[in-house]
Amino acid sequence: MADHGLSNDLALLMAENQQLRSRIQESERQLSELQADQSLLESLMETIPDDIYFKDRNGRFLRINRAKALRSGLSDPRLACGMSDADFFQAEHADASMAKEREIMERGTPLIDEVERLIWPDGHTSWVSATKVPLRDHVGNVIGTVGISRDVTVHHEMEAALQVERDRLRTLIDNLPDHIFIKDRQGRFVTVNSTLVSALGKQSEAELVGLSDREIFEASLAEVFEADDQRVMDAGQTLFNREEELVTSEGSRRTILTTKVPLRTKSGEIFGLVGICRDITERKLVEEELRRAKDAAEVASRAKSDFLANMSHEIRTPMNAVIGMTELLLDTQLQSEQRDFLETIRDSADSLLEIINDILDFSKIESGKVELESYPIEVREWLGDAVRTLAIRAHAKKIELAFEIDDAVPQFVMGDGLRLRQVLLNLVGNAIKFTAKGEVVASVQVESQSPEHVQLHFAVRDTGIGISPDQLSRVFEAFEQADTSMTRRFGGTGLGLSISSRLISLMGGRIWVQSHLGQGSTFHFLVNFTLPQVAVEVADEPQDLLLLIGLRVLIVDDNDTNRRILYRMCQNWRMQPTAVADATTALEQLRQASQQGPPFDLVLTDASMPDIDGFTLASHIRQDDKISSVIVMMLTSLDQMQGSQELNQLGIRSYLVKPVKQSDLFDAIMLAMDGRRSERPAPVELQKTASQLPPLSILLAEDSLANQKLAIGLLKRWGHTVTVANNGREAVDLASQEDFDLILMDIQMPELDGMEATALIRLDQTRTGKRVPIIAMTAHAMKGDRKLCLDAGMDDYVSKPVRPHDLLTAMLTFFTPEIKTPPPSPQRERSVPASHAVLDVPHDVRVDWAAARERVLGDEDLLREIVEAFLSEAEQLAIDLSTALTSTEARAVARLAHTLKSNLRTFGVPCADSIEAIELSAKAGHLEPVKTLWPAVRPHITLVVEQMQAYLSKPAPG
Ligand code: ADP
């Protein structure tokens with residue numbers, strides 16, 4: 001039993017042992033779990049960078065982690081046990097913390113992510129985000145607090161700075177006068193500045209935020225805005241300064257200028273837009289008002305110019321009567337005092353008329369009434385003719401007048417020759433007016449060129465009084481004169497340059513001036529020209545040019561510019577020029593060349609030179625046997641013209657009036673060198689060609705008697721019937737009454753000119769359906785105007801004076817088309833020396849009998865007939881021209897000069913050129929130069945008439 005009891009005890013013991021062992025095992029297991037938890041907590045407390053702390057109910061630290069210990073300046077976390085916030089922070093913070101912790105402990109509710117400001121003992125502050133919860137024991141009693149807090153100082157400072165920035169921006173946009181807004185991707189307002197808030201009649205931004213345009217504006221406006229928004233946000237493009245309408249809360253319509261810019265995220269995605277609108281209603285109104293005022297001012301100014309134009313026109317009519325009557329009175333018997341008075345009246349009236357002409361021109365330009373024309377200008381002839389009209393004025397003041405044309409300048413350009421000439425003459429006229437001694441030189445150069453255009457650079461240089469720097473900028477203004485005291489001395493309206501500058505700008509060009517007081521001025525202008533697209537009728541390169549090659553010519557002129565120009569001309573013709581500045585050197589050169597060879601062929605000398613003049617030089621040459629055979633040509637001014645007898649005695653072959661055109665020099669040299677020239681087609685050949693034509697009925701419209709006779713003579717010889725119309729009106733009437741095969745039409749005629757008559761005839765013919773060929777007969781000045789003639793309805797043209805060969809060639813093209821026409825002969829008019837050439841007549845007025853004979857195909861009877869015709873009208877034309885000039889009828893002067901010129905050309909008289917200058921000047925409405933030119937040329941007509949009379953007094957040959 002005892003055993004049984006023992007064994008029971010043992011079993012019990014063993015069971016208990018077993019229980020103990022498992023309990024121990026359980027404890028060990030719990031212990032190791034605890035140890036694991038402990039080590040987790042330890043590592044947490046050692047490594048977490050945020051602050052962790054446990055406090056008892058009195059705020060004393062039970063434990064803190066390593067991060068907080070470090071931040072609190074403790075080397076070991078354990079040192080914190082028993083300390084409180086008061087040991088680390090200023091009381092203010094410690095107390096506040098304690099108060100919060102108490103609340104947590106009392107209420108048992110946690111405090112989460114509360115941003116706290118920490119004030120450290122040294123006074124520096126930092127910011128933390130703190131989470132605090134109650135600390136409970138194992139039965140749930142609150143025994144203190146646990147806290148975790150993170151330092152957010154950097155983040156907090158950034159946030160604060162951002163807020164400052166935001167506030168500033170807001171202040172800015174709220175105070176800008178422009179409307180500023182931001183919209184999201186759906187077009188809803190996100191931000192609206194105060195200006196826009198009040199423009200839309202709202203109190204605060206909040207009333208607008210979240211709304212879209214449709215909820216604010218009337219539908220039509222909203223649609224436009226939305227469409228723009230979508231464009232900006234879809235395409236990502238800025239809409240810049242778009243003019244829009246806006247209706248304000250008061251209902252007033254404003255004009256705004258809107259700019260919309262897309263807003264993008266960092267990755268470039270568009271999330272909205274910012275808009276800036278400026279109210280420009282006031283500005284628009286002012287602009288509109290200004291524009292209206294400007295329009296009104298322009299209308300007024302144009303009306304003023306119109307008025308001026310009308311007035312000056314009205315004033316001219318009585319002025320003409322005043323001048324005409326004064327001239328008539330001056331022709332009567334007068335006492336010298338009366339004559340004196342009358343001359344003063346005439347001079348004053350003349351200058352008044354000049355002023356009125358200027359004003360008329362000026363106002364025409366100002367009121368936009370000037371339309372430029374475009375026709376071929378033969379630059380060298382044009383410039384020469386223009387400048388030469390002022391030669392007398394220059395020579396009267398003993399000033400050298402020259403012009404220089406660069407070789408590169410094209411022969412023809414398309415432009416308004418008359419208007420351009422007006423500018424050039426104004427500049428040259430001024431240059432002469434303001435120069436007391438020295439020279440005036442007009443020049444042309446190519447500034448730039450393309451296949452279709454050329455820009456020419458014109459310059460007019462003088463050695464006159466110059467213009468002071470302060471006046472320089474003003475001379476192109478209307479009514480400006482550099483120095484009013486000068487004006488009294490020199491006269492003028494101060495309009496010339498402003499007219500010129502306006503004309504040049506109408507031509508798309510530019511004008512400017514360079515000047516030094518006391519040293520002279522240079523006026524420049526650039527003008528663009530188109531080049532003729534169809535080949536303009538150009539005189540064939542004369543065969544005669546060959547005769548000049550290698551010719552040795554001695555140029556004698558004291559003026560550098562002239563010498564250079566003459567030298568260049570001679571060089572162009574491949575002559576061998578030598579230029580010297582005075583007569584003594586010239587004689588030396590001549591003598592030396594005659595001894596050592598080769599001798600000179602030609603001397604081209606200026607008449608007026610200091611020390612020894614040209615005439616004295618000529619007489620020295622004449623008296624020296626060794627050199628007397630050289631041909632001497634004299635360059636003179638009109639007032640130096642000597643009697644033909646004297647010229648002959650001095651051995652002067654021909655003389656030329658300066659400034660010399662290249663073509664004139666050429667003609668004069670050819671004339672002086674006569675006897676060495678090529679042959680012309682023989683009359684017999686022509687007659688043969690003429691017989692190929694059927695007999696025709698021809699209407700000849702021509703007002704000049706001599707030209708009529710010439711044409712009739714030729715045409716009758718060729719077997720045609722001729723009906724004469726004395727003017728354009730008669731031509732139109734006759735053409736409608738009779739059937740003609742051909743009409744020959746002069747261009748310049750009284751009543752109706754050739755162009756007008758042709759137009760009427762063509763009009764009439766549209767009725768009858770018959771188209772008669774019309775051949776124009778145009779003067780040299782119209783050369784190149786072929787296109788004008790053709791445009792006017794003519795079929796062809798021949799230039800005047802009509803040469804049988806040309807006329808025949810033109811006629812053949814209409815009536816025997818199958819016959820090939822012979823090649824044209826050179827167009828340039830030149831004389832063939834006659835056996836009985838009279839060299840005692842000055843070159844300028846010498847009748848070229850050979851040329852005249854050629855024109856009548858050697859028919860001496862016909863020649864006598866046209867000479868008689870010339871005699872019967874030439875003097876009368878001259879008288880009529882004088883009368884027309886007196887009564888300042890520019891049109892009549894131009895027409896009479898034209899007829900006189902073409903008569904003189906028929907007989908190859910060189911002074912026809914001077915008459916042409918008169919014609920051109922009068923056509924341009926400038927009678928002033930004509931008044932000086934005509935009295936100088938007038939005696940020439942008598943000299944020509946004398947030669948004609950001498951011819952008639954000889955018995956007719958055969
Ligand atoms: P005006 O009819 O008075 O000559 P312009 O318009 O032609 O009028 O010229 C204006 C002014 O410019 C002249 O009065 C003169 O003072 C000055 N001027 C023009 N050309 C010259 C020049 N070549 N030399 C000096 N002064 C000049």
Side-chain angles (χ1 to χ4, degrees), residues 308 312 347-366 370 386-387 389-391 393-394 396-404 419-443 458-506 509-525 561 659 924-929 931-932:
L308 263 180
S312 28
D347 291 349
S348 311
D350 276 347
S351 45
L352 196 53
L353 199 61
E354 202 181 321
I355 295 170
I356 292 163
N357 283 340
D358 271 359
I359 294 179
L360 183 63
D361 236 359
F362 180 74
S363 44
K364 255 199 217 150
I365 297 174
E366 286 290 275
V370 168
V387 174
T389 56
L390 294 174
R393 234 193 263 175
K397 292 181 79 176
K398 303 258 178 294
I399 298 169
E400 285 291 346
L401 177 61
F403 57 88
E404 207 172 355
R419 285 299 182 180
L420 207 58
R421 181 189 157 95
Q422 185 180 355
V423 174
L424 190 76
L425 287 189
N426 179 36
L427 298 184
V428 176
N430 275 351
I432 297 172
K433 183 157 80 166
F434 295 107
T435 301
K437 74 172 204 282
E439 60 181 23
V440 170
V441 184
S443 61
F458 295 81
V460 176
R461 176 170 64 75
D462 66 48
T463 53
I465 60 171
I467 304 169
S468 67
D470 55 322
Q471 302 290 350
L472 218 48
S473 57
R474 301 214 321 256
V475 291
F476 293 110
E477 285 166 27
F479 305 105
E480 273 299 337
Q481 288 172 326
D483 179 346
T484 37
S485 67
M486 289 293 177
T487 317
R488 257 161 263 134
R489 237 171 81 205
F490 296 109
T493 54
L495 276 179
L497 286 179
S498 60
I499 292 173
S500 298
S501 81
R502 280 166 169 82
L503 285 176
I504 292 297
S505 69
L506 269 182
R510 187 161 75 80
I511 188 167
W512 72 101
V513 57
Q514 294 168 314
S515 184
H516 289 290
L517 213 54
Q519 290 174 26
S521 316
T522 307
F523 282 83
H524 302 263
F525 60 96
T561 311
H926 293 299
L927 287 183
E928 214 36 48
K931 283 190 185 149
T932 33

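All residue numbers in this chain count up from 1 along the given sequence. Remember, predicted model here, so these are calculated numbers, not experimental data. Atoms within a ligand are numbered from 1 in the order they appear, just like the ligands themselves.
The distance from ligand 1 to the heavy atoms of G496 drops below 4.0 Å at these ligand atoms: 5 (P), 6 (O), 7 (O), 8 (O). Within ligand 1, the atoms closer than 4.0 Å to a non-hydrogen atom of L495 are 6 (O), 8 (O), numbered from 1 in the order shown. Short contacts between ligand 1 and V475, defined as distances under 4.0 Å to a heavy atom of the residue, involve ligand atoms 12 (O). For ligand 1 and K433, the ligand atoms under 4.0 Å from any heavy atom of the residue are 1 (P), 4 (O). Close approach to A431 involves these atoms of ligand 1, each under 4.0 Å from a residue heavy atom: 23 (N).
Summarising the geometry of V441 relative to T561, their closest heavy-atom pair is CG2-CG2, 3.6 Å, with the distance given to 0.1 Å.
G464 does not count as a contact of ligand 1, since none of its heavy atoms falls under 4.0 Å from the ligand. At a 4.0 Å cut-off, not a single heavy atom of F476 sits close enough to ligand 1 to count as contact.
Looking at T463, its side chain does come within 3.5 Å of a backbone N or O of K437 through a donor-acceptor pair. Judged by distance alone, with hydrogens and angles left aside, the side-chain atoms of D462 form a donor-acceptor pair with the main-chain N or O of S521 at under 3.5 Å. Without hydrogens or angle criteria, S515 side chain to G520 main chain gives a donor-acceptor distance under 3.5 Å. No donor-acceptor pair under 3.5 Å is formed between the side chain of T435 and the backbone N or O of I432.
Only the side chain of D462 comes within 4.0 Å of ligand 1, judged by heavy-atom distances. Here L497 has heavy atoms under 4.0 Å from ligand 1 in both its backbone and its side chain.
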